[in-house]
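Within every chain, numbering begins at 1; the chains are lettered A, B, ... in the order of the sequence lines, protein sequences first and strands thereafter. What's counted below: heavy atoms across the whole structure, side chains too, no hydrogens, waters or symmetry copies.
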Protein chains: 2
Amino acid sequence: MGVTDRKEREKTEMKELIRATAMKMFLEDGYAKTSIRSIAEAIEYSPGTIYLYFKDKDELLYEVQGKAYGQLLEVFKREATSTDPLEKLRQVGRAYINFGLQNPELYDLMFIIRAPMNVDEEIHKANGGNCFAFLVDCLNDCISRNLLRLTDLHQASLLIWSTAHGLVSLNLRCRLKIMDQPEEAIPEILIKSMEDYLAAVTI
Amino acid sequence: MGVTDRKEREKTEMKELIRATAMKMFLEDGYAKTSIRSIAEAIEYSPGTIYLYFKDKDELLYEVQGKAYGQLLEVFKREATSTDPLEKLRQVGRAYINFGLQNPELYDLMFIIRAPMNVDEEIHKANGGNCFAFLVDCLNDCISRNLLRLTDLHQASLLIWSTAHGLVSLNLRCRLKIMDQPEEAIPEILIKSMEDYLAAVTI
DNA sequence: CAAATGTAATGAACAGTGTTCATTAATTGC
DNA sequence: GCAATTAATGAACACTGTTCATTACATTTG
């Protein structure tokens, strides 16, 4: 059965080619501006072919989202290594914000873009869940040691995530222009804000 | 000059008709799903007519954004009336989150949707600026009385706005599904989280 | 009042989108 | 070598925002 094996392999290779090309184009031009036709053109196939491997454009988005969550988790593991729970929490915060600042299109696609939530719910639970779990673990160390003014673990996780996401997403949508700050100062402001926030809820 | 007066009047009436119809449809179906053709059909004019009054679809969005900021400011003025600075701050937080929960499409259009930022910057400064100023004023009362653990006024404003926006927008994008909470419990969770957050940064 | 002017509205046309599906091409199994 | 299966195609469909030559109407002028 060497033939069916090869076919299987070719099929997954093709799927991977489409996935990788789509991801590259999503990150360069954004999800909305990347058309199925342009992806097809990039891999030198006809538009219809993509639909033999992916149900629709959204499914392609879900694939990339999955990869993206994996990337974020890796960043967490790489950047948040301190043995001090509070310092580790600060590292997570910094890592999250830097990730959003350095990968705007990726961040958009993970947390801001509107996409019909079909399979989405499961994909987010499976992939995003790991990232969230990292934060929860980290916070659990802080809360169980009574280092924070927040006592409900999951609520605290939600709050910290919301704050970081709020900072990143308001910036990505240029809503911080109402504060009269120079463009180049913003990354530091966001990081500083997050740190001051964590300091404020630290006992 | 009665004729030119009437023409002027008809022109502004027509513009208002388009603006109002667009807003209604944006709120019902969302910005993306509302087409120029469908707006034109709703007011029984041809698609081209809309372009005699608005440069493009984005300009229509800006108009609605302006109105929306006005609405939010009114909600602030109506809901946040306490003479106690801290209670007033809590009222602002509650009002913001409830606004987002009760007007999801409007909130989307104000803070989440992607739109080319051309005139946008000025519109946001002018309209959104008033809402932000309300929060800043409110926070100024708290900080000047030394009631909060946050000392930098503008940074504190940014933080509180980010937290509230984070809560609302993550919910709007169904990202809170990774926390296993029943749908109907979420509004209370968001409000409670915001309140506990404010409590945590209160001295 | 009739003709000329100005202007508001039209709707076909353009270039693009996601998606489908009958047709074609290639490969495999017998 | 031939039939059957599978993969790829690309035209077609129904949409999108936007433009612009054409038309219809209201107003002003002769």
Side-chain angles (χ1 to χ4, degrees), chain A residues 1-19 21-23 25-26 28-64 109 113-120, chain B residues 1-19 21-23 25-26 28-64 109 113-120:
Chain A
M1 289 294 162
V3 175
T4 51
D5 277 9
R6 198 205 59 210
K7 285 217 165 186
E8 194 79 17
R9 204 176 55 238
E10 282 175 350
K11 216 168 177 177
T12 59
E13 271 171 10
M14 183 64 164
K15 206 168 174 178
E16 182 51 37
L17 175 65
I18 296 173
R19 191 202 334 265
T21 307
M23 180 155 188
M25 297 180 74
F26 287 171
E28 277 171 10
D29 312 323
Y31 177 74
K33 285 187 181 172
T34 304
S35 69
I36 295 287
R37 280 177 178 79
S38 67
I39 297 172
E41 199 181 3
I43 60 172
E44 293 178 299
Y45 278 83
S46 76
T49 303
I50 290 176
Y51 288 87
L52 299 175
Y53 297 87
F54 296 93
K55 189 175 131 277
D56 52 25
K57 200 186 169 189
D58 283 330
E59 199 168 294
L60 226 28
L61 174 63
Y62 301 146
E63 294 278 334
V64 176
L109 180 154
I113 269 182
R114 202 170 205 170
M117 299 275 140
N118 312 327
V119 197
D120 201 26
Chain B
M1 289 296 163
V3 174
T4 51
D5 278 10
R6 197 205 61 209
K7 285 216 167 185
E8 192 80 15
R9 203 175 55 238
E10 283 175 350
K11 215 168 175 178
T12 59
E13 273 170 10
M14 182 65 164
K15 205 168 175 179
E16 182 50 38
L17 174 65
I18 296 172
R19 192 204 331 268
T21 307
M23 181 156 186
M25 296 180 74
F26 287 170
E28 278 170 10
D29 312 323
Y31 177 74
K33 285 188 182 172
T34 304
S35 68
I36 295 286
R37 280 178 178 78
S38 66
I39 297 171
E41 199 182 3
I43 60 172
E44 294 178 298
Y45 277 83
S46 77
T49 303
I50 290 176
Y51 289 87
L52 299 176
Y53 297 87
F54 296 94
K55 189 175 132 276
D56 52 24
K57 200 186 170 189
D58 283 331
E59 199 168 293
L60 226 26
L61 173 64
Y62 302 146
E63 294 277 335
V64 176
L109 179 156
I113 269 182
R114 203 170 205 172
M117 300 275 140
N118 311 328
V119 195
D120 203 25

Side chain B:Arg37 and base D:dG17 donor-acceptor under 3.5 Å: yes
Contact class for A:Tyr53 vs. all strands (heavy atom < 4.0 Å): base, sugar-phosphate, or nothing? sugar-phosphate
So what does A:Thr49 touch, heavy atoms closer than 4.0 Å: a base, only the sugar-phosphate, or nothing? base
Could you work out which one of [options] sits closest to the side chain of [X]?
| X | options | value |
| --- | --- | --- |
| B:Pro47 | C:dG11, C:dT10, D:dG17 | C:dG11 |
| B:Tyr51 | D:dT18, C:dA9, D:dA8 | D:dT18 |
| B:Ser35 | C:dT17, C:dT20, D:dT16 | D:dT16 |

Could you state the [atom1]-[atom2] distance from [X] to [N], rounded to the nearest angstrom?
| X | N | atom1 | atom2 | answer |
| --- | --- | --- | --- | --- |
| B:Met14 | C:dT7 | CE | C1' | 14 Å |
| B:Glu44 | C:dA9 | CD | C1' | 14 Å |
| B:Tyr45 | C:dT10 | OH | C1' | 12 Å |
| A:Glu59 | C:dG18 | CD | P | 15 Å |
| A:Lys33 | C:dT17 | NZ | P | 12 Å |
| B:Ile36 | C:dT17 | CD1 | P | 19 Å |
| B:Asp58 | D:dG17 | CG | P | 11 Å |
| B:Glu41 | C:dA9 | CD | P | 18 Å |

Would you tell me if any nitrogen or oxygen in the side chain of A:Ser46 comes within less than 4.0 Å of OP1 or OP2 on D:dG10? no
Backbone of B:Glu59 reached by a side-chain donor or acceptor of B:Asp56 within 3.5 Å: yes
Keeping A:Ser38 on the side-chain end and A:Thr34 on the backbone end, is there a donor-acceptor pair under 3.5 Å? no
Want to settle it: does A:Lys11 or B:Ser38 sit nearer the 5' end of DNA chain D, counting the closest nucleotide to each? A:Lys11
Please determine whether the number of non-hydrogen atoms from other residues, nucleotides or ligands lying under 6.0 Å from atom CD of A:Glu16 exceeds 12. yes
Shortest non-hydrogen pair, A:Ile18 vs A:Ile43, comes out as CG1-CD1, 3.8 Å
Shortest non-hydrogen contact between B:Ile50 and B:Ala40, atoms and distance: CD1-N, 3.7 Å
